[in-house]
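Every chain is numbered from 1, with letters handed out A, B, ... down the list of sequences.
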There are 2 protein chains.
Amino acid sequence: MARWAPDAALRLERAAMELFTENGYAATTVPAIAERAGLTTRTFFRHFADKRDVLFLREREFPSVVAHLLTDAPAGLGTIDLLMHGLDGAASGDLERWRDDIAARRAIIRSEPQLRERELLKSAGLADAMRDALVSNGTPAPDAALAASAASALFDLALETWLAGPPGVTLTSILHDHRLRLTRLLAPSA
Amino acid sequence: MARWAPDAALRLERAAMELFTENGYAATTVPAIAERAGLTTRTFFRHFADKRDVLFLREREFPSVVAHLLTDAPAGLGTIDLLMHGLDGAASGDLERWRDDIAARRAIIRSEPQLRERELLKSAGLADAMRDALVSNGTPAPDAALAASAASALFDLALETWLAGPPGVTLTSILHDHRLRLTRLLAPSA
DNA sequence: CACCTGATGTCACATCGTGTCATCGGCTAC
DNA sequence: GTAGCCGATGACACGATGTGACATCAGGTG
């Protein structure tokens with residue numbers, strides 16, 4: 001038997017979600033989270049940069065996954081189609097199964113501006129990763145930055161729409177639809 | 001003579017900018033800022049929600065200014081043209097004059113992820129204000145959210161380009177150019 | 001002249017987040 | 001097999017952040 005129970009980060013995340021749901025984010029202290037997970041405060045901060053970060057454990061690898069999909073994508077796609085392909089591929093793994101978890105996290109995140117702030121930073125990190133992948137694939141830097149920012153915004157709004165809508169509608173279809181609507185909105189009005 | 005010197009918030013902001021420039025953001029404590037401004041720590045936190053907020057004093061009213069320009073805009077503009085009109089109008093007041101101040105603030109903001117995080121929250125607040133103004137002007141909510149997010153991203157990237165470029169190029173022209181390039185990027189590739 | 005208002009000061013305090021050293025199970029080298 | 005290293009955790013002290021509660025006092029108002 002190992003000296004320490006495995007998955008310390010996951011146990012901390014589960015404990016945090018429970019306490020946040022029971023008492024709210026602000027009323028939950030880090031020592032309380034650590035205690036429920038059977039660890040100490042110091043160990044919490046070894047796994048998470050700060051208290052907010054515990055809500056984003058699942059998304060840590062998302063930017064690099066998307067970036068890899070972008071660099072390995074089939075040639076010939078336009079910039080935006082490439083981005084849609086990458087986001088789609090990274091988020092496609094039986095998303096419906098996680099709907100409740102995502103909704104629970106989102107409910108907590110929307111309860112505190114601090115947490116929305118962190119979510120925005122994560123989205124910006126995704127946009128940065130996509131921009132860099134585009135640039136190293138030959139896209140001009142200004143175009144890459146513009147397209148990556150737009151794609152990140154599209155993804156966030158699509159995810160929100162997906163969560164608010166009925167089960168069964170795929171994120172892929174919503175993303176596609178949002179992209180088309182934004183295209184029409186941006187086009188010079190007659 | 002008034003009991004207290006006026007412009008406490010402005011004095012705190014100036015003191016903070018000086019100390020951040022001299023010693024860096026992380027090495028500057030709130031008591032040090034307050035002392036240089038001739039005030040106490042407690043008063044600092046009465047004017048600013050937290051240490052980061054002191055860097056965004058000048059932008060506090062920006063979202064509501066843009067929102068007002070949107071609701072008072074001439075009729076007949078398309079959604080995106082309306083947004084460009086609002087952003088343009090709100091940022092047009094002799095921006096060149098503030099270039100150095102904006103650049104100094106930006107240099108500090110880019111030195112710490114915490115500060116970029118806050119900047120992103122401010123941008124999101126601007127997007128929210130624009131979205132709400134569009135909605136109360138009759139734009140369908142999903143379109144308003146999409147267009148406002150895109151416009152906010154365009155504005156941020158345009159400001160960055162403006163700062164990096166030579167003096168004399170107007171933000172208006174960069175914004176216009178970025179909008180056209182994003183339109184082309186989003187269009188279905190042949 | 002008494003009272004109210006509002007910005008500031010003072011003090012106590014909880015929480016956050018970090019630096020530093022100790023602990024000790026398991027793995028590797030020899 | 002045993003000596004020693006490695007890496008995750010514990011223990012503890014501490015500075016900094018941010019808030020609540022109450023006091024102070026100039027100027028305006030009745």
Side-chain angles (χ1 to χ4, degrees), chain A residues 1-20 22-57 60 108-109 111-119 121-122, chain B residues 1-20 22-57 60 108-109 111-119 121-122:
Chain A
M1 172 181 166
R3 178 172 181 195
W4 301 285
D7 299 327
L10 279 173
R11 278 186 292 136
L12 285 164
E13 187 215 21
R14 187 163 43 236
M17 279 299 301
E18 291 171 6
L19 290 169
F20 292 163
E22 292 170 17
N23 311 325
Y25 174 83
T28 302
T29 67
V30 174
I33 298 169
E35 189 192 9
R36 179 167 298 204
L39 295 165
T40 63
T41 302
R42 193 65 185 85
T43 296
F44 178 94
F45 286 113
R46 286 196 180 96
H47 287 277
F48 303 102
D50 52 44
K51 183 179 164 188
R52 288 177 265 167
D53 213 38
V54 75
L55 282 162
F56 300 90
L57 173 64
R60 275 189 187 164
I108 295 167
I109 289 172
S111 75
E112 296 265 348
Q114 283 193 343
L115 298 174
R116 187 184 181 197
E117 198 176 21
R118 179 56 51 87
E119 188 181 42
L121 185 63
K122 299 290 183 181
Chain B
M1 171 178 165
R3 178 173 181 194
W4 301 285
D7 300 326
L10 279 174
R11 279 186 292 135
L12 286 165
E13 187 215 22
R14 189 163 43 236
M17 278 300 299
E18 290 171 7
L19 289 169
F20 292 164
E22 293 170 17
N23 311 324
Y25 175 82
T28 302
T29 66
V30 173
I33 298 169
E35 189 192 8
R36 179 166 297 204
L39 294 166
T40 63
T41 301
R42 192 66 184 85
T43 296
F44 178 95
F45 286 113
R46 285 197 180 95
H47 287 277
F48 303 102
D50 53 44
K51 183 180 163 187
R52 290 177 261 169
D53 212 38
V54 75
L55 281 162
F56 301 91
L57 174 64
R60 276 189 186 164
I108 294 167
I109 290 172
S111 75
E112 296 264 349
Q114 282 192 342
L115 298 174
R116 186 184 182 195
E117 198 176 21
R118 179 55 52 86
E119 187 180 43
L121 185 63
K122 299 290 183 179

What is the distance from [atom1] of [X] to [atom2] of [N], rounded to the nearest Å?
X      : N      : atom1 : atom2 : value
B:E112 : D:dT17 : CD    : C1'   : 15 Å
A:D7   : D:dT9  : CG    : P     : 10 Å
B:I33  : D:dG18 : CD1   : P     : 10 Å
B:L115 : D:dT17 : CG    : C1'   : 14 Å
B:E35  : C:dT10 : CD    : C1'   : 16 Å
A:R46  : C:dT23 : CZ    : P     : 15 Å

query = Below 4.0 angstrom from OP1 or OP2 of C:dT8, is there any side-chain N or O of B:T40?
reply = no

query = Considering the options A:R118, A:Q114, A:E119, A:E117, which one meets the side-chain contact (heavy atoms from CB on, under 4.5 Å) requirement together with B:L121?
reply = A:E117

query = Of B:I33, B:L55, B:T43, B:L57, which meets side-chain contact (heavy atoms from CB on, under 4.5 Å) against B:F48?
reply = B:L57

message = Side chain of A:H47, heavy atoms from C-beta onward: which of D:dG10, D:dT9, C:dT8 has the nearest atom to it?
response = D:dT9

task = Check whether any side-chain N or O of B:R52 sits under 3.5 Å from a backbone N or O of B:L115 as a donor-acceptor pair, and report yes or no.
result = no

Provide a list of protein-nucleic acid N or O atom pairs under 3.5 angstrom, restricted to nucleotides 14-18 of chain C.
residue, atom, partner, partner atom, Å
C:dC16, OP1, A:K51, NZ, 3.3
C:dC16, OP2, A:V30, N, 3.2
C:dG17, OP2, A:K51, N, 2.9

ask   = What are the two closest heavy atoms between B:T28 and B:K51, and how far apart are they?
value = O-NZ, 2.7 Å

request  = Mind grabbing the angle between the end helix axes of the helix from C:dC1-D:dG30 to C:dC30-D:dG1? Five pairs an end, 10° rounding.
outcome  = 10°

task = Mind checking side-chain contact (heavy atoms from CB on, under 4.5 Å) for B:R36 and listing every partner two or more places apart, or none if nothing turns up?
result = B:A15, B:E18, B:L19, B:E22

request  = Please test A:R11 against A:R14 for side-chain contact (heavy atoms from CB on, under 4.5 Å), starting from the C-alpha separation and ending with a verdict.
outcome  = CA-CA 5 Å; A:R11 278 186 292 136; A:R14 187 163 43 236; 3.8 Å; yes

